[in-house]
Structures are given as structure tokens and as C-alpha cells.
Amino acid sequence: MSKDTQHAALQNYLDELLDDAVPEMQVEPALSRVAQSNPVQSVLHIDPSYKELTAPALTLPQLALREPLISEEQISRLPVSIGRLDTQDEDDVQSSAVASVETEAELGKVSWADSPFECLLFDVAGLALAVPLSALGTIYRFEADELTPLFGQPDWFLGILATPQGNLKVLETARWVMPERYTAGSRDNLKYVISINGCDWGLAVHQVRHAIRLQPDQVKWRTQRSQRAWLAGTVIEHMCALLDLEVLAQLITVKDKPHCAISAVTGKL
Amino acid sequence: MKNSSAHSADDPILQWVTFRLDNETYGINVMQVQEVLRYSEIAPVPGAPSYVLGIINLRGNVVTVIDTRQRFGLEPAEIGDNTRVVIIEVDKQVIGILVDSVAEVVYLRQSEMETAPNVGNKDAAKFIQGVCNKNGELLILVELEKMLNEDEWSELDSL
């Protein structure tokens, strides 16, 4: 696949994400790009006793943030062929879950974005994602052999990870955020699990990058969340999708409510 | 279901027999376990449901043996030296479940048990009563009553 084709594939995907974005909100040139302190370490609790976490991604960026966060190499890894999941499959709970979560009325605005906010950038199957630091818990190293799978669970449930903070249910993020592009290889080389604050669920991701500081007007916000309710918006400057973890947690736990303190998540956001 | 012992009314201690299946450890309430047998020839039953391996003769009584791996949605495995048939009693019905091996009896406080994820639509997910960290590993607690539905229990009874 040529470089142009690879760029086109990535651009198409981001275009798809933007389909539901609100047209009236314009993306303006960024005024503030990066926190100069280390917001990741100050906000996230990275447990030193669990696994040595030496990922350079957790140190704050010295890089020039005008550069796209998705490298040429990452672009080259984007799947060429798309394995579409059967949306009627019982494992694909998103469609039914979305219906159960209050969407239209509440999802248009996110309280944490009233003022500049810190986000952590990470990669899932070649896609750069951003989440507000306030919604994140702890980062653990992903070790497949330390996960305990449970029979009878959906394919996106990877298993239970025992941590010093308790058992964490691990979600295969790629199946949630881009099921239409999920391939068998998307599960390979997962390296970290990022727990959601106030919740016993964690997201399995391929790479943790660094924190960025976003101005609200840097984000192309969505107000209609009939599809991809977990997507708060996109940040063109960083070529990434901004997740609304509150909604994601609701979607995950719509059948698992007793075990997840959604209210705690909500309160943090 | 009665507790095997009760150190505290608020936080009783339960005993669980643990067994291995596909490299994971499962627990079943000791009060439901009658005995553990070495693997012996299981006679297939024509027309039996797919989850039924067959029957064995247990001191003159016919006991139906369930294919636990199949029931849990796991891949089949070869019979080995450690393979066991755990004879259990559920609602006065005695059946056997085939497992890779039987490990030990562990004591768990009620408070140590955590609920399992409740996100699965598959029938097998209903069998999981909870999970518990014990001796550095996660123990999956199985609710035997739910291994089969009412019709299936009746079907077994008629075999």
C-alpha cells in the first residue's frame, strides 16, 4: 500500500468519526498545546509495586507537538482489509447498550471541557485516542498470561487482571472504538491496561504516549451521539479521537451496573 | 445451600473444592461434592444431548457424566492421568462432571468473593457465581445449579 493510500485510509477513518460532529463548531488554531509540567504523573496513579512501568510514554513530552501524533510507521500498520463484525452478534453489545444509555439529551456537553483540560494520548490498533486525565485511574502493564479469562463472556472481554487495587475487568478497546476495522491482529502486542477512575474496568491499549493540554476550541465536539456514543469529539491537530469515558463506562457496565460506580465516574468528570 | 462452617454470621467461611480446566482454576461448593473418581470408561448414551459424555456405573448406580469443557464453551482436551470425574449432587440429582484435575479444598470468606462481570449474553456466563483471589491466582466460582437449565436437568433425569 502506498503512503498516499495509507494516509487516505487514516483520513477516511477520522472523517467517519467526524461525520457526526457539529458543523458550527470550528476548529481554531491551538493556542496552548502542551502542559510543561508532568500532568500524567500528577493526576494518574502509576502503581510502582505492581509492575515496573518504564514506558517512556509516561514521561512528559519534549516533542514538537505540531507534528502529528500518528507516525508514518503507525499509519503503515493500519489495516488494509477491514473485517466487519456482525453487528447482530450477541457479543456486540454496543448497539443495545447505546439504546440503554441516555444519549441525545445528555451527551452533547461534557462538563470537564468547560476550560482547558489535560488528556492522555494512547494508541489502540494504530488509532490515537485521547482521554481526560481526570477520568483515568492507574496504568498497568498488560501481561496476557496474567489475565484470567472467564468462559461465556463477550469477545471484547479479555479477562480479569488481579492488581493490588483489586480485580480489574479488562476490555479490548479496539473492539469498542472501531469494530468495523477490527482484525484478528488487533489483539496482538497489547502493552498496557488503563483503568477507568471509579470503576473496576480497564482499557487494553497498545501504547501509552504522553499528556497534552487541550483548549475546548481545539476539539471538534459532537452533540449527536446516536452512533459512537463514546466519542466526545476529534482533535484534528493531533489526529486523534477524544473519548468520553463517562459514557464508555456506562456502555460497558450497562449490564454490569452493580460492579461499577458510574456515579463516581460522573462525579469526577 | 448450607455453609460448611460459619465463623461469623456476617462473614461465613465456605469450603470450595477446586479443579482445573484449560489452565484455569474453578471452585465448587464442597457441600455439593460427593466424591472424586479417577477417570474410567464412560459409556456413551445414544441420543443423549451433546453435553452428556455418557454414563458410569458407580457402585451399582448409574451416574450421568457431563462434558464440563463443552458446557463452559472450552476446547476439548485429551483425557490424562489427572483427569477426574467429580460426583456432585444438585437438588437431589447426582451427576458427574469431567475435569482436567482436582486441586484442593480451599476456605473462602464470603467477603473475599467478588461478583463476576455480568456482561455476557452467553448461557455459560450464568454459571459463574463469582471470583476470588486465592494463593496468588484467581479462582472462578461455579454455580452448579445453573450449569443446566430446568429442562436439561429433567432430561438428565430421564436418561
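What you see is a predicted model, and the numbers here were worked out from it, not measured in a lab. Letters A, B, ... are given to chains in the order of the sequence lines, protein chains preceding strands, and every chain is numbered from 1. Side chains included, hydrogens not; waters and symmetry mates left out as well; all remaining heavy atoms used.
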Kindly compute the distance separating [atom1] ([X]) from [atom2] ([Y]), expressed to the nearest 0.5 Å.
X	Y	atom1	atom2	result
A:N167	B:N133	CG	CG	4.0 Å
A:L161	B:L138	CG	CG	9.5 Å
B:E137	A:E146	CD	CD	12.5 Å

Just jot down the ring pair (Phe, Tyr, Trp, His ring centres under 6.0 Å) partners of B:Y26, sequence neighbours excluded, or say none.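 B:Y26: ring pair (Phe, Tyr, Trp, His ring centres under 6.0 Å) contacts with A:F151, B:F19, B:F72.
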Looking only at heavy atoms, which two atoms of A:L147 and B:E24 are closest? And how far apart?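 Scanning both residues completely, I find the closest heavy atoms to be O-OE2, 4.4 Å.
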Taking atom [atom1] as the centre, does [X] end up with more than 12 heavy-atom neighbours from other residues, nucleotides or ligands that are less than 6.0 angstrom away?
X	atom1	value
B:K146	NZ	no
B:E35	CD	yes
B:D81	CG	no

Would you check, one step at a time, whether the test side-chain contact (heavy atoms from CB on, under 4.5 Å) holds for B:E114 with A:D200? CA-CA 11 Å; B:E114 296 180 29; A:D200 58 1; 5.9 Å; no
Which residues share a side-chain contact (heavy atoms from CB on, under 4.5 Å) with B:T83, sequence neighbours left out: B:Y39, B:I79, B:L98
Do A:L150 and B:V131 touch side chain to side chain, with heavy atoms closer than 4.5 Å? yes
